[in-house]
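These notes are about the structure you will find just below.
A note on names: the letters A, B, ... follow the listed sequences, proteins ahead of strands, and every chain is numbered from 1.
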Amino acid sequence: MDEKYFPEKIEEKWQQRWADERAFEARQDDPRPKFYALEMLPYPSGFLHMGHVRNYAIGDALAWYKRLRGFNVLHPIGWDSFGQPAEQAAIKRGVQPRDWTEENIAHMEGQMRRLGISYDWSRVIAAHRPDYYKWDQWFFLKMLEMGLAYKRKSAVNWCPKEETVLSNEQSSGGVCWRCGTAVTKKEIEQWFLRTTKYAEQLVADIEEIESGWPAKVIKRQRDWVGRSEGAYIDFKVKDSDEKIRVFTTRIDTIYGATAVVIAAEHPILSGLLEESGLKEQVRQFAQKIKTARAIKTEDQSAEEEKLGMNTGRLAVNPFNGELIPIWVANYVLMDYGAGAVMSVPAHDERDFEFAQKYTLPIRQVIASVVHGQQDEPETQAPGGDQSIEMKNAFTEYGVLVNSGQWSGKLSADAIRDMAQYAQEKSFGGGAVTYRIRDWGISRQRFWGAPIPVVYCPKCGMVPVPEKDLPVMLPDKAEFTGTGESPLKTVPEFVNTTCPKCGEAATRETDTMDTFVDSSWYFFRYCDPRNEAMPFDPEIAAHWTPVDQYIGGDSHAVMHLIYMRFWTKVMRDLGLVKFNEPVKRLLTQGMVTNRVEGTNEYKAMSKSLGNGVDPDEMIEAFGADATRLFVLFAAPVENELRWSETGIEGAVRFLRRVWTMVYKWRPGSAGILPAHGAEGMQAGSLRSQEFSDAARALRRKTHQTIARVTADFEKLDLNTNVAALMELLNAIGEFNVEPSTASDSDAVAVREAIDAMVIMLTPFSPHIAEEMWEALGHSDGLLKSAPWPVADAELAQKDELEIPVQVNGKLRSRVVVAPDISEADLRELALADSRVQSFIDGQKVVKVIVVPQRLVNVVVK
RNA sequence: GCGAAAGUGGCGGAAUUGGCAGACGCGCCAGACUUAGGAUCUGGUACCGAAAGGUGUGGGGGUUCGAGUCCCCCCUUUCGCACCA
């Protein structure tokens, strides 16, 4: 250990040492309890950014903490290495996606090693390598067998800028998740995975993870699946055998239905129009809506104006036999519920707005039950079936009125009873719908896992047999940028023979969505070189589920839904035995920086020019300080504002720690007893043998251990760093020089410094290793050092300073023994001269004594 | 528009969950050491006030001996959803 701290001198040394000793490789046969710490699979863009650094700093702090607590830690890393940027690089710069990707991975691995993240480098996986995507294909075949993968022609979400198909999740909000371009529709044959089959489980199993996941992610998961309980009701079409099925959550409002409204895409429409006098007019109108929907406007935030048209046909309300008009409108969506609704203007805001615009009747059938009254000021009590004046739809539950035999029932009862009635009369019944759609995984792209099926003129679609996997991606293709799969341009790939009949056949040229790769990768880490299976179920059972997952909340819907879905499929395949793959999830906040010339902080980005290069930070301040700052500057889930002076503060702290350790280190100039030296262990000395100052230092040491240990469990890393800074300050305030220190003083310092160094390891491991070695622990790396144990007795104060309030205002303090009786504390507080001066001349009404905490004297 | 979360010094943030508001750090101020300092060290730093003391956790009300913390209303910000029947 040198006198001065130069990070560049020690960081490389320890990184080399860790690599040489393969220090962080997890072993299956390790008998200690396991802990699986996982950060989200990174895309190999070429450069690490500060968001990565934050992600890995958090994950590594936890991995180190658990390691020091005696867990057998699995902390792996890999690459989400399929995807569009590689192809774009190919188009723009003529490099091959594979070369571009491998170069990026090599560079980023170097950056990760320079950060000193304690990964198990023996388990690295990469999605673009055949030994990985082979298993994507294997899973696809299994899902095909299970009926979970299927092909259909469908209007897909299409990004016109990137010329690619997007999943629903990727086009959330009507814009491309990557480039923000407005998404349009396009009809093509697509492969889907039946996520809808697991809709109920994706909601119900949330219960198992709710306590370990952030509430906002849980909410978004629920919302995305969009479970909705209600009923189907069939409305007969007058003068026809056809029925229109509608879905409603408010069957109790059905007597208020004044129209049936269907989506423009509804298949029944053209049949209805055959008998309608308004045939052409309505047909054109419906076409207009469909076109408008396909070319969504830029401004997605503006609510579209409701447009509708009467088809001229009538439907029969099965509850009361009433004839109501059938309309087509743009506000009814084909892909939700039944693609048709009963319009109840009095009790639904959308229907209300629609009815007002087209002057449809508005009939109240639900009345408020507030205070036992049946009417609200703005909703007059109904009389007959006339339209009434309402300013707004009344959408709350209430009591049914004007609803025949159902009048007088409460909404909740009516919803149950009317659905049952509909079922008995076979025109409907209770039903549950979900908002989630099947997952479209076809991509017309080169750089993805080929979908392993073959099209034979004779046999049709034939799955590639398992033994022929992987279907290898060719080395090269032509990148035309047309939106057609580049694989179509590779005859050696396309032309094959039918696995069934041996005749000439062609391959599927679509590749899989890259979210497939990231849906199960963390199981592969458990058994990364398995050649017979994606992973051995027994090995995976040892490590999974993931104990702590860490990543950005941009993946709160897509990746986490897919991953949960995939796990359930794997469970049904017998590969895993649980429903949910991740016990605890942490969504870290963004890293932002000031935008040049403004006072605004925005996410670091190339276009804004406010990015910070991790390599430059490592060079200027060291990996340890960079990591420490990132963890100290803000709570992990908050936004992190970059600050150059803040990172300087981190270096300053590390330097002070270094100086302190150097000053007290054993050895030539050393004073401290070597670790464990005879008679020099804290435990061998009685507490009376320590000076007051030494006891105070030991108290701080043990309080800090307790605090840091507790905060690690909550992942409150910023307060942990603060606690270590306080401990350092306390060691500094211990006003004894090494040359004059008594044995007991040295023991107290030794204890404090050892604890500080170990607890610093999760934040700044290189400097910790260097200091640990200098402290005489030549017996090995910190990874096998024991986390210090807090001694509650030593952490206990000798005396307490109890604040005394008069009428809730702090007036004085009394110093007392911790075990003082309530009565004595009360007497002492009342006798205090400052307290006396404040209660002088007034009557003491009450004295509240909170043991060990506070006294409040109430006077009048 | 709907929904959720959050508002604490100049800044990032603490506060054992109803009990001393502002830990720790950044910044700033003063001093020391220095040829020098954008290095290092020491001290100070919520606001008003000379002090005694008073005020203070977005604003207003309430519960309580006691409120940053609990309840009600309002304001602001951030995020999510966007016709989901």
Handout entry: Side-chain donor-acceptor pair present, A:Asp351, A:Tyr331, cut-off under 3.5 Å
Key = yes
Taking only N and O in the side chain of [X], is any of them less than 4.0 Å away from OP1 or OP2 of [N]?
| X | N | answer |
| --- | --- | --- |
| A:Arg652 | B:G27 | yes |
| A:Asn718 | B:A14 | yes |
| A:Lys216 | B:G80 | no |
| A:Asn638 | B:G13 | yes |
| A:Arg834 | B:A52 | no |
| A:Thr719 | B:C24 | no |
| A:Lys809 | B:U55 | yes |
| A:Arg655 | B:U40 | yes |

Rounding to an integer number of angstrom, what distance separates [N] and [M] when you compare their [atom1] atoms?
| N | M | atom1 | answer |
| --- | --- | --- | --- |
| B:C74 | B:G1 | P | 14 Å |
| B:A6 | B:U57 | C1' | 13 Å |
| B:C47 | B:G10 | P | 7 Å |
| B:U34 | B:A51 | C1' | 39 Å |
| B:A14 | B:C79 | C1' | 24 Å |
| B:A4 | B:C41 | C1' | 49 Å |
| B:A15 | B:A23 | C1' | 8 Å |
| B:G13 | B:G9 | P | 12 Å |

Between atom [atom1] in [X] and atom [atom2] in [N], what is the gap in whole Å?
| X | N | atom1 | atom2 | answer |
| --- | --- | --- | --- | --- |
| A:Phe653 | B:A39 | CZ | C1' | 19 Å |
| A:Lys4 | B:U40 | NZ | C1' | 9 Å |
| A:Trp224 | B:G3 | CH2 | C1' | 16 Å |
| A:Lys846 | B:G66 | NZ | P | 9 Å |
| A:Asp553 | B:A4 | CG | C1' | 13 Å |
| A:Glu349 | B:C2 | CD | P | 8 Å |

Need one value for [X]: base, sugar-phosphate or nothing, where a base atom within 4.0 Å counts as base even if backbone is also close, heavy atoms only.
| X | result |
| --- | --- |
| A:Asn729 | sugar-phosphate |
| A:Arg220 | sugar-phosphate |
| A:Arg594 | nothing |
| A:Arg227 | nothing |
| A:Asp223 | nothing |
| A:Gly226 | nothing |
| A:Val858 | sugar-phosphate |
| A:Lys219 | sugar-phosphate |
| A:Gln805 | base |

Practice task
For the pair A:Arg227 and A:Glu229, find out whether any cationic side-chain nitrogen is under 4.0 Å from an anionic carboxylate oxygen.
Solution key: yes
Practice task
Considering only NZ, NE, NH1 and NH2 on the basic side and carboxylate oxygens on the acidic side, decide whether A:Glu639 and A:Arg641 come within less than 4.0 Å.
Solution key: yes
Handout entry: For the student: nearest non-hydrogen atoms of A:Ala723 and A:Val708, plus distance
Key =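 Nearest pair, atom of A:Ala723 first, then A:Val708: CB-CG2, 4.0 Å.
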Practice task
Carefully, step by step, assess A:Phe629 and A:Trp642 under the rule ring pair (Phe, Tyr, Trp, His ring centres under 6.0 Å).
Solution key: CA-CA 9 Å; A:Phe629 167 70; A:Trp642 192 255; 5.2 Å; yes
Completion exercise
Contacts of A:Glu726 and A:Thr433 projected onto RNA chain B by closest heavy atom; the upstream (5') one is A:Glu726
Exercise for the section: Assign the ring pair A:Trp327 / A:Tyr358 to parallel, tilted or perpendicular, where the plane angle (0 to 90°) is split at 30° and 60°. Expected result: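 Ring orientation of A:Trp327 relative to A:Tyr358: tilted.
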Practice task
Using the six-membered ring wherever Trp is involved, compare the ring planes of A:Tyr5 and A:Trp658 and label them parallel, tilted or perpendicular (cut-offs 30° and 60°).
Solution key: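 A:Tyr5 vs A:Trp658 ring planes: tilted.
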Practice task
Report the glycosidic orientation of B:G59: syn if within 90° of 0, anti in every other case.
Solution key: anti
Fill in the blank from the handout: Expected label for B:U42 (glycosidic angle, syn inside 90° of 0, else anti) would be anti
Practice task
State yes or no: are the ring centers of A:Phe319 and A:Phe427 separated by less than 6.0 Å?
Solution key: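 Yes: the rings meet the under 6.0 Å criterion.
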Completion exercise
Among the nucleotides B:C41, B:C83, B:C24, whichever has the atom closest to the side chain of A:Arg656 is B:C41
